[in-house]
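Data block below; observations after.
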Amino acid sequence: MFDSLHPLITMISLAIFGVALLGVLVKKNLFKIFLAFSVAESALFLFFIGNHYTPGLKAPIAADGITRFDPAFMVDPLPQAMILTTIVIGIAVSALGLSMVIRYYKLTGHMRIDKMDELGEEQ
Amino acid sequence: MIDFLILSILLSLLVASIMIVFSEDLSHSVITYMGFGLGSTLLYFLFSAPDVALTEAVIGAGISSTVYLVALLQTSVHES
Amino acid sequence: MNLKRTLRVETLLVALLVSVTTLVLMQILLNLHLAGHSLGDEILHINAASTQSANAVTSVVTYFRGLDTLGEVSILFLSIFGVALHMPRGSKNLFSYHNTLLYIGVSILFPLMLLFGVYVILHGHLSPGGGFQGGVIIAGAFLLRFLTYGDHYELKERVVSLSESLSGAGFIVLGLLGLLVGDRIFTQILPLGTLGELLSGGVIELIYIFVGLKVSAEISLLAEHFVKAHNV
């Protein structure tokens, strides 16, 4: 149907992102919201790495038999380096959010966003 | 052949994300999220990005499971 | 009846808007040609001459975009700082049961995991791996000890904070030395060596050792703060 993989990768990762965004918007549980944010982040990484991959190209690492760096047979190293650091940052930021969720649960006994009334009643 | 493999893993990741978002039990969501991390590790390896695959494997197996499961232990499992 | 009808019209409008936006976004994303090499080409061409590192991803992380890595390490530090503020470390471990099988397995695995983490950090410029991955492997070894030993095991706070702050300071000093000696921050100040040997790549290996120390200390601290609960 398509001549390369890139449109399919784009569509499926956009679908995963949409499902996760739907979870963020629809779900009422704070834990589920943070989990859905992590899934959306992973979909973004998949989009970024998958669109810089061309079938047949090797990893940008000189190993046995490869002693020369040439873009004719190696993939682009720049997006991989960016995503590599972003994954580590992502889990640290998720941990920060989850620590706030734990703190909120210990203070109030629930973690639903439609029951939050610490700033006064809405009506 | 490798295109078929990549597409099947991507579609299973889509199913896994639907299961993560729409399951009632939060522990099911967390365990499925671990499976999501495993699938994306395989996918990064197939995209010839072994550095990213190693990072995702280590983070998903070691730290992500601890953080989410301990947060679940200290709060409630049921969504509601 | 009337209320139900307005709701249905609103729902239809929102669904129409969302589908149109999705189609436009998908059209934009499908017409992006991300795979065209531009900057990556240049980096691959000058990589062998400027760094002699066998792993091009490593040389991008530490040498070509070193300032970026410094910013990301500081984001990591800030978020761990926030976790430590929110969850003060208590004395009771959540996993305080005795399991002989886990005990024996961890006492065999712990030194091996430390060794593997150090190997991954030191070979970051030769094979897949580096400071971030090796640091998280070392933190995973400490996490296994937290799961096994229960209340009897805790990190020495002075050692952790000292290694973290010294490695962060060393990272910055290395960048400033590059600014003093060379023309830009994080430039090469050491001899390059030959491609494929352990002592090659110049400043790359030093930067990754500092990043590995810092990441391992921070993620171990994160695991300890999560595992040791403090009753509010």
Side-chain angles (χ1 to χ4, degrees), chain A residues 4-5 8-9 12-13 15-17 19-20 22-24 26-32 34-36 38-40 42-43 45-46 49-50 52-61 74-75 77 79-81 83-85 87-88 90-92 94-95 98-99 101-102 104-106 109-112, chain B residues 1-4 6-7 9-24 26-27 29-30 32-33 36-37 39-41 43-60 62-80:
Chain A
S4 75
L5 267 176
L8 285 171
I9 291 172
I12 298 178
S13 52
I16 296 175
F17 187 81
V19 169
L22 191 69
V24 171
V26 168
K27 289 292 173 178
K28 299 286 194 294
N29 192 314
L30 270 175
F31 189 90
K32 187 61 86 57
F34 278 102
L35 204 58
S38 295
V39 174
S42 299
F45 300 157
L46 283 178
I49 297 272
H52 284 88
Y53 162 73
T54 317
L57 297 192
K58 289 190 162 44
I61 295 170
M74 278 181 175
V75 296
Q80 297 189 12
I83 298 302
L84 188 153
T85 45
I87 290 176
V88 181
I91 187 62
S94 302
L98 283 175
S99 72
V101 173
I102 293 172
Y104 186 78
Y105 184 83
K106 283 184 175 172
H110 68 89
M111 47 178 179
R112 287 180 66 83
Chain B
M1 182 59 206
I2 198 162
D3 294 4
F4 181 71
I6 287 173
L7 275 184
I9 296 176
L10 266 175
L11 285 176
S12 60
L13 284 188
L14 181 59
V15 175
S17 72
I18 294 172
M19 280 169 71
I20 289 169
V21 171
F22 293 106
S23 97
E24 293 290 321
L26 285 179
S27 54
S29 299
V30 172
T32 321
Y33 182 66
F36 188 92
S40 46
T41 305
L43 213 48
Y44 292 141
F45 187 72
L46 291 179
F47 287 152
S48 59
D51 281 275
V52 187
L54 185 56
T55 313
E56 175 72 40
V58 169
I59 290 279
I63 304 305
S64 179
S65 55
T66 319
V67 166
Y68 282 105
L69 285 178
V70 168
L72 210 55
L73 259 175
Q74 299 197 15
T75 57
S76 150
V77 180
H78 301 289
E79 183 190 7
S80 66

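A, B, ... follow the sequence lines: proteins, then strands. Residue 1 opens every chain.
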So which of [options] has the biggest tally of heavy-atom pairs under 4.5 Å with chain B?
options                             : value
A:Phe34, A:Tyr105, A:Phe45          : A:Tyr105
A:Ala20, A:Ala36, A:Ser42           : A:Ser42
A:Ala40, A:Gly50, A:Gly23, A:Gly109 : A:Gly50

B:Leu10 versus chain A, the contacting section by heavy-atom distance below 4.5 Å: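 Both parts, backbone and side chain.
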Chain A contact via B:Val30 - side chain, backbone, both or neither, heavy atoms under 4.5 Å: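 B:Val30 touches chain A through backbone and side-chain heavy atoms alike.
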In the structure I gave you, are the side-chain heavy atoms of [X] and [Y] within less than 4.5 Å of one another anywhere?
X       : Y        : value
B:Ser17 : A:Phe17  : no
B:Thr55 : A:Thr85  : no
B:Leu26 : A:Met111 : yes
A:Val39 : B:Val21  : no

Distance, nearest 0.5 Å, that separates OG of B:Ser29 from CG of A:Leu35: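 Between atom OG of B:Ser29 and atom CG of A:Leu35 there are 6.0 Å.
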Gap separating the CD1 atom of A:Ile12 from the CG atom of B:Leu11, nearest 0.5 angstrom: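 It comes to 4.0 Å.
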Derivation of the side chain to side chain contact (heavy atoms under 4.5 Å, CB included) call for A:Ser38 and B:Tyr68: CA-CA 11 Å; A:Ser38 295; B:Tyr68 282 105; 2.6 Å; yes
Those residues that, when tested against B:Tyr44, pass ring-ring contact (aromatic ring centres under 6.0 Å, His included) (two or more places apart):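 Applying ring-ring contact (aromatic ring centres under 6.0 Å, His included) to B:Tyr44 gives none.
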Partners passing ring-ring contact (aromatic ring centres under 6.0 Å, His included) against B:Phe47 (at least two apart in sequence or in another chain):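 A:Tyr53.
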Which atoms of [X] are under 4.5 Å from chain B, going by heavy atoms: the side chain, the backbone, both sets, or neither?
X       : value
A:Leu84 : both
A:Ile9  : both
A:Ser94 : side chain

Looking at [X] and [Y], what are the two nearest heavy atoms and their distance?
X       : Y       : value
A:Leu8  : B:Leu7  : CD1-CD1, 3.7 Å
B:Ser48 : A:Pro60 : O-CD, 4.3 Å
B:Ile20 : A:Lys32 : O-CE, 3.5 Å
B:Glu56 : A:Ile87 : OE1-CD1, 3.7 Å
A:Leu46 : B:Ser40 : CD2-CB, 4.4 Å

Max heavy-atom pair count under 4.5 Å with chain A, selected residue of B:Ala16, B:Ser23, B:Ala49: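 When all of B:Ala16, B:Ser23, B:Ala49 are compared, B:Ala49 has the most.
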Among the listed options B:Val67, B:Leu14, B:Leu54, the residue most often paired with chain A at heavy-atom distances under 4.5 Å: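 Of the options given, most contacts go to B:Leu14.
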B:Phe45 atom CZ, over 12 foreign heavy atoms within 6.0 Å: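 Incorrect, the count does not exceed 12.
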Test item: side-chain donor near acceptor, B:Thr75 and A:Tyr104, under 3.5 Å: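 Side chains of B:Thr75 and A:Tyr104: no pair found under 3.5 Å.
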